[in-house]
Amino acid sequence: MLDGLSSGEIELVGRKVRLTHTDRIYFPEAGITKGHIIRYYLDISPLLLPHLRDRPLNLERFPEGVGAESFYQKNASAFFPSWLRTFSVDYPRAHKTNRHVLVDDAAGLIYLANLGTITFHAFLSRIDDLTHPDLLILDVDPPDLAGLTREESFKPVVETAFLLREELLALGMAPRVKTTGKRGLHLGVSLDRRSTYNEVRTALTELFTRLSERRPDLMSRAVRKEKRRHRVYLDALRMAMGATVAPPYTVRATAVASISMPVTWEELATLEHSQVYTVANALARVTSVGDLWAPLVTPGA
DNA sequence: GACCGGT
DNA sequence: ACCGGTCAACGCAAT
DNA sequence: ATTGCG
Ligand SMILES: [Mn+2]
Ligand SMILES: [Mn+2]
């Protein structure tokens, strides 16, 4: 484990960012401090930033570490620095507008990490066309966890992911896959932004319904846990306006400080669980394989 | 985590 | 200068 | 209208 960053002011892309409480233990079981998390986000920023750029973000913050109180933050606080860009999103049902933070560079990323942001959650559309997602995420969630180890709950998730891949290949798509860093998997496909969230979600729901009717022993579309029990949950609700997904390389609030990591399909076949990659080993891996999800956020690729 | 008002 | 209190989300769809 | 859910 590399040393974490220390408290004090650092300059990033010409911005001064003050780091505080860097010795605070954020992950007690793994002995990982807030300074370690900030160091990780700085090191991973070249790979992470393209996945955040121009997307409204939600922050999942743990100011006292992962065992303590946490909260989601959509609306930028008044005290956020003026150089941190925001984008206003209307929430008609809630009769309000939230100014979502945007992360353009390492300074913004590290400022928000210093607020105790462990997990960044990103929109699936970009601010220049917010109503049309440019990314399709197929969210494969694990069976009810009671009595299951990470490994046991992950096997049906992997089997489901391969079945979904076959369906998408038959439709002419070549999905990528990544760990979520919790217990599940995400498949990702680029979209051309010709369809709205509702249109994409309707098509996705049809695909999920078809597959779960073919393998009702393995998968379920039921939101209620009691209805799906031991079965994998095919979650189409991620593809909704205002919904967010954990992007590649973000840190998850698990005991081991796992991260969401793109993997090859070949690797997935032998992957034990979704928490293999952590802030402690991610850098070594991406140094050798690069960003397997870069084509999803690289124009023209 | 940071701000604010009261002591 | 140092507290203590306060704030920091939301929509889908099943029921 | 409520609420489980992520
Ligand atoms: Mn998921
Ligand atoms: Mn989900």
Side-chain angles (χ1 to χ4, degrees), chain A residues 7 17-26 33-35 37-38 56-66 68-81 84 86 88-101 110-125 130-131 133 137-146 153 157 180-186 196-202 204-206 208-209 220-229 231-247 250 252-254 260 274:
Chain A
S7 294
V17 178
R18 179 163 301 285
L19 305 182
T20 57
H21 310 290
T22 51
D23 291 332
R24 181 168 292 171
I25 302 292
Y26 264 22
T33 65
K34 181 181 174 187
I37 297 305
I38 292 173
L57 302 179
N58 293 346
L59 311 177
E60 189 181 358
R61 293 176 53 193
F62 297 75
E64 308 289 342
V66 296
E69 184 185 328
S70 69
F71 55 92
Y72 285 84
Q73 180 164 14
K74 293 176 185 285
N75 196 33
S77 300
F79 61 80
F80 284 11
L84 206 50
T86 61
S88 290
V89 178
D90 290 330
Y91 291 83
R93 306 277 311 263
H95 300 291
K96 62 182 295 199
T97 298
N98 288 321
R99 294 171 53 248
H100 286 256
V101 69
I110 296 311
Y111 175 82
L112 297 170
N114 186 63
L115 292 182
T117 305
I118 299 282
T119 307
F120 293 85
H121 298 265
F123 271 50
L124 297 166
S125 50
L130 200 64
T131 59
I137 295 293
L138 293 88
D139 180 27
V140 184
D141 287 340
D144 204 4
L145 305 175
S153 67
V157 172
T180 66
K182 293 275 214 181
R183 311 287 291 237
L185 289 170
H186 289 157
T196 63
Y197 278 101
N198 282 350
E199 290 164 351
V200 171
R201 189 171 70 256
T202 298
L204 181 62
T205 298
E206 286 170 10
F208 280 174
T209 300
S220 169
R221 285 206 339 94
V223 175
R224 286 290 201 282
K225 285 182 167 186
E226 183 216 33
K227 289 225 170 187
R228 54 185 202 248
R229 304 217 277 181
R231 294 176 293 173
V232 166
Y233 175 41
L234 297 179
D235 182 2
L237 295 177
R238 291 312 88 211
M239 295 306 305
M241 172 62 94
T244 56
V245 172
T250 201
R252 308 313 301 269
T254 61
S260 178
S274 195

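Chain naming here is simple, since letters A, B, ... match the order of the sequence lines and numbering starts at 1 in each.
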Tell me what [X] touches on the nucleic acid: a base, only sugar-phosphate, or nothing, going by heavy atoms under 4.0 Å.
{"X": "A:N114", "result": "sugar-phosphate"}
{"X": "A:R18", "result": "nothing"}
{"X": "A:T244", "result": "nothing"}
{"X": "A:K182", "result": "nothing"}
{"X": "A:Y26", "result": "sugar-phosphate"}
{"X": "A:E60", "result": "nothing"}
{"X": "A:F79", "result": "sugar-phosphate"}

Rounded to the nearest angstrom, tell me the gap between atom [atom1] in [X] and atom [atom2] in [N].
{"X": "A:R238", "N": "C:dC10", "atom1": "CZ", "atom2": "C1'", "value": "10 Å"}
{"X": "A:L84", "N": "B:dA2", "atom1": "CG", "atom2": "P", "value": "13 Å"}
{"X": "A:K227", "N": "D:dT3", "atom1": "NZ", "atom2": "P", "value": "18 Å"}
{"X": "A:F120", "N": "C:dA8", "atom1": "CZ", "atom2": "P", "value": "19 Å"}
{"X": "A:L237", "N": "D:dC5", "atom1": "CG", "atom2": "P", "value": "13 Å"}
{"X": "A:Y72", "N": "C:dA8", "atom1": "OH", "atom2": "P", "value": "17 Å"}
{"X": "A:L112", "N": "C:dA8", "atom1": "CG", "atom2": "P", "value": "17 Å"}
{"X": "A:H21", "N": "B:dA2", "atom1": "NE2", "atom2": "C1'", "value": "9 Å"}

I want to verify a distance call: between [options], whose nearest atom is closest to the [X] side chain?
{"X": "A:K74", "options": "C:dA8, C:dA13, C:dC10", "answer": "C:dC10"}
{"X": "A:V223", "options": "C:dG11, B:dA2, D:dG4", "answer": "D:dG4"}
{"X": "A:Y91", "options": "C:dA13, D:dC5, C:dC10", "answer": "C:dC10"}
{"X": "A:K96", "options": "C:dA9, D:dG6, C:dC12", "answer": "C:dA9"}
{"X": "A:R201", "options": "B:dA2, C:dA13, C:dA9", "answer": "C:dA13"}
{"X": "A:R224", "options": "C:dA9, C:dG11, D:dG4", "answer": "D:dG4"}
{"X": "A:Q73", "options": "C:dC12, D:dG6, C:dA9", "answer": "C:dA9"}
{"X": "A:E69", "options": "C:dA8, C:dG11, C:dA9", "answer": "C:dA8"}

**OP:** Look at the side chain of A:T117 and the backbone N and O of A:L112, then say whether any donor-acceptor pair between them is shorter than 3.5 Å.
**Re:** yes

Original post:
Roughly how far, to the nearest 0.5 Å, is the CG atom of A:L19 from the CD1 atom of A:I110?
Top reply: 7.5 Å

Original post:
If you measure from CD1 on A:I137 to CG on A:L124, what distance do you get to the nearest 0.5 Å?
Top reply: 6.0 Å

Subject >> N or O in side chain of A:T20 less than 4.0 angstrom from B:dA2 OP1/OP2 >> reply: yes

**OP:** With side-chain hydrogen bond (donor to acceptor under 3.5 Å, both in side chains) as the test, would you mind laying out the steps for A:D23 and A:T33 before giving the verdict?
**Re:** CA-CA 6 Å; A:D23 291 332; A:T33 65; 5.5 Å; no

**OP:** Give a yes or no on whether a donor-acceptor pair under 3.5 Å exists between the nucleobase atoms of C:dA14, that is its base, and the side chain of A:E226.
**Re:** no

**OP:** For C:dC7 versus D:dC5, give the span between their C1' atoms, rounded off to a whole number of Å.
**Re:** 25 Å

**OP:** In whole angstrom, give me the gap between the P atoms of B:dC4 and C:dA8.
**Re:** 15 Å

Original post:
In terms of side-chain heavy atoms, does A:K96 have a donor or acceptor partner in A:N75 at a distance below 3.5 Å?
Top reply: no

**OP:** Please check if the distance between the ring centroids of A:F71 and A:F62 is under 6.0 Å.
**Re:** no

